[in-house]
Amino acid sequence: MKADPNNESISSGRVVAAHGRHAVVEDHAHNRYHCAMKGRRLRPVCADEVRWRLEQTDVGDGVVVEILPRRTELARPDRRGRTEVIASNMSQIVVVIAPQPEPDYSLVDRYLVAAELVGVSAAVVGNKSDIATLNLAGFAALGYLTVTVSACQPDGLAPLMDLLSGQTSILVGQSGVGKSSLLNAMIPGLDSRTQTLSDGSGEGRHTTTASILHHLGNGGEVIDSPGVRDYAPPPVSARQLATGFIEFAEAASQCRFADCRHLAEPDCGVKAALEHGGISRRRYESYCHLVERLAAIDPDNYS
């Protein structure tokens, strides 16, 4: 939907939080306004750039009239297999894991694949180092930036601040890994509820219910996303999916077939590298699991 160029009340802004048909829009001076949507087709997500105008409504102070084209999107398939955008215009995906809850490394892999498919940087942060230090060497060996910190030790957060400087990052990961706690430690006075662990299940309770964009003192921007128990990128072709596992590239050039899926095909370079230790078996199993999941959603791309 296009805005009226003759309407001088139309301004540009940024969505810092979205709640269905409503959004909080920030202007260039970082003032925030609760806005409704003009028309039923507008569905903003966090970090969308929009055009909006001041107008009193039942929900607040303004109306969004247009969502500008997105440079990047982090998305997932919804329950019907349709693509659901989580946030937009990020330059970096930062996956946070911790000793508690028990880390799901396959989930980390799926977020890293999403970063490769979207075309943004990715990093892995191990939080709660005061409890135990996670081994992130496997991710570092692939070329991903890794940082180990503890939200309980603010004096040691400089490496994470450096990682986030100058970037629009989205923090993703399991519920309870401490994303909101890290933000509270990095942003003085931030009124953000922290996540706690369920005494009964050991799984994190969801306390961040919508993605929210925050500004850091070093010029970085961080989207705090709700914790998850699962994630997968939207369906792509099997060949595209394999490019999300960056260590497959060199080995895949040795496959007999150009459209090799690296599963049961003969003379597969990726499986040969797997057998000789050039590719991690855990990462390869993550790939196979993701192929199976996406094939269930979009079987035509994996037949």
Side-chain angles (χ1 to χ4, degrees), residues 45-48 70-77 83-98 103-127 134 136-149 159-160 162-174 177 179 182-183 211 213-214 216 220-250 252 262 270 279-280 282-291 293-294 297:
V45 297
C46 190
D48 269 344
R70 296 163 176 162
R71 294 182 296 278
T72 58
E73 295 179 341
L74 179 63
R76 63 189 174 196
T83 297
E84 175 187 25
V85 180
I86 301 169
S88 70
N89 298 325
M90 74 288 298
S91 61
Q92 181 171 242
I93 295 174
V94 178
V95 192
V96 182
I97 57 176
D104 182 347
Y105 291 107
S106 181
L107 177 67
V108 178
D109 292 335
R110 296 195 291 277
Y111 277 119
L112 296 180
V113 167
E116 298 298 331
L117 296 178
V118 171
V120 300
S121 301
V124 182
V125 172
N127 190 23
L134 297 171
L136 306 181
F139 299 113
L142 296 174
Y144 293 108
L145 293 175
T146 60
V147 171
T148 298
V149 292
L160 178 58
D162 290 343
L163 173 69
L164 301 173
S165 176
Q167 301 271 5
T168 298
S169 305
I170 182 167
L171 299 187
V172 296
Q174 295 166 264
V177 295
K179 299 186 299 297
L182 287 170
L183 282 169
S211 295
L213 185 144
H214 302 287
L216 299 176
E221 299 177 326
V222 179
I223 301 168
D224 183 19
S225 68
V228 300
R229 290 184 177 86
D230 196 15
Y231 170 80
V236 294
S237 71
R239 189 170 185 177
Q240 285 177 294
L241 179 61
T243 66
F245 289 80
I246 56 177
E247 67 271 39
F248 287 13
E250 183 176 352
H262 319 306
V270 169
I279 289 175
S280 156
R282 188 198 65 75
R283 286 270 293 177
Y284 179 75
E285 289 173 354
S286 283
Y287 167 74
C288 293
H289 176 63
L290 190 49
V291 168
R293 289 184 58 165
L294 298 185
I297 298 171

Exercise for the section: Could you grab the distance from atom CG of Leu145 to atom CG of Leu160, nearest 0.5 Å is fine? Expected result: 11.5 Å
Practice task
Rounded to the nearest 0.5 Å, what's the gap from SG on Cys288 to CZ on Arg283? Could you check?
Solution key: 12.5 Å
Exercise for the section: Among Leu163, Val222, Thr72, Val120, find the residue that satisfies the side-chain contact (heavy atoms from CB on, under 4.5 Å) test when tested with Gln92. Expected result: Leu163
Exercise for the section: Answer yes or no: is there a side-chain heavy-atom contact under 4.5 Å between Val124 and Leu112? Expected result: yes
Exercise for the section: Assess whether side-chain contact (heavy atoms from CB on, under 4.5 Å) is satisfied between Val45 and Ile86, documenting all intermediate values. Expected result: CA-CA 6 Å; Val45 297; Ile86 301 169; over 6 Å; no
Practice task
Could you tell me which non-hydrogen atom of Pro226 sits nearest to which non-hydrogen atom of Ser211, and how far apart they are?
Solution key: CD-OG, 3.5 Å
Exercise for the section: Grab the two heavy atoms, one from Ser169 and one from Leu164, that are nearest each other, plus how far apart they are. Expected result: OG-CD2, 3.6 Å
Problem - Ser91 (side chain) donor-acceptor with Thr168 (main chain) under 3.5 angstrom - result: yes
Fill in the blank from the handout: Closest non-hydrogen atoms of Ile97 and Val177, given as atom of the first, atom of the second and distance, are CA-CG1, 4.1 Å
Problem - Stepwise side-chain contact (heavy atoms from CB on, under 4.5 Å) check, Val172 with Val228 - result: CA-CA 8 Å; Val172 296; Val228 300; over 6 Å; no
Practice task
Report the distance from atom CG of Asp109 to atom CZ of Phe139, rounding to the nearest 0.5 Å.
Solution key: 5.0 Å
Handout entry: CZ (Arg282) with more than 12 external heavy atoms under 6.0 Å
Key = yes
Handout entry: Heavy-atom side-chain contact between Leu74 and Tyr231 under 4.5 Å
Key = yes
Exercise for the section: Find out whether Leu241 and Val113 are in side-chain contact, i.e. whether some heavy atom of one side chain is under 4.5 Å from a heavy atom of the other. Expected result: yes
Problem - Heavy-atom pair of closest approach, residues Leu294 and Pro233 - result: CD2-O, 3.4 Å
Handout entry: Other residues, nucleotides, ligands: >12 heavy atoms within 6.0 Å of Glu250 CD
Key = no
Practice task
Begin with the C-alpha distance, continue with both residues' side-chain angles, and end with the deciding distance and a verdict on side-chain hydrogen bond (donor to acceptor under 3.5 Å, both in side chains) for Arg110 and Ser106.
Solution key: CA-CA 6 Å; Arg110 296 195 291 277; Ser106 181; 2.8 Å; yes
Handout entry: Gly126 versus Leu136, closest heavy-atom pair with distance
Key = N-CD1, 3.8 Å
Exercise for the section: Please step through side-chain contact (heavy atoms from CB on, under 4.5 Å) for the pair Phe248 and Thr243, ending with a clear verdict. Expected result: CA-CA 7 Å; Phe248 287 13; Thr243 66; over 6 Å; no
Handout entry: CG on Asp104 to CG on Asp230, rounded to 0.5 Å
Key = 7.5 Å
Handout entry: Main-chain N/O of Arg70 paired with Asn89 side-chain donor or acceptor, under 3.5 Å
Key = no
Exercise for the section: Report the relative orientation of the aromatic rings in His262 and Tyr287; use parallel for angles under 30°, tilted for 30 to 60°, perpendicular for over 60°. Expected result: tilted
Exercise for the section: For Pro77 and Ala232, work out which heavy atoms get closest and say how close. Expected result: CD-O, 3.1 Å
Handout entry: side-chain contact (heavy atoms from CB on, under 4.5 Å) between Thr146 and Val125, worked out
Key = CA-CA 6 Å; Thr146 60; Val125 172; over 6 Å; no
Completion exercise
One should read off an interatomic distance between Ile223 CD1 and Ser88 OG, to the nearest 0.5 angstrom, of 7.0 Å
Practice task
Find the distance between OG (Ser286) and OH (Tyr105) and round it off to the nearest 0.5 Å.
Solution key: 12.0 Å
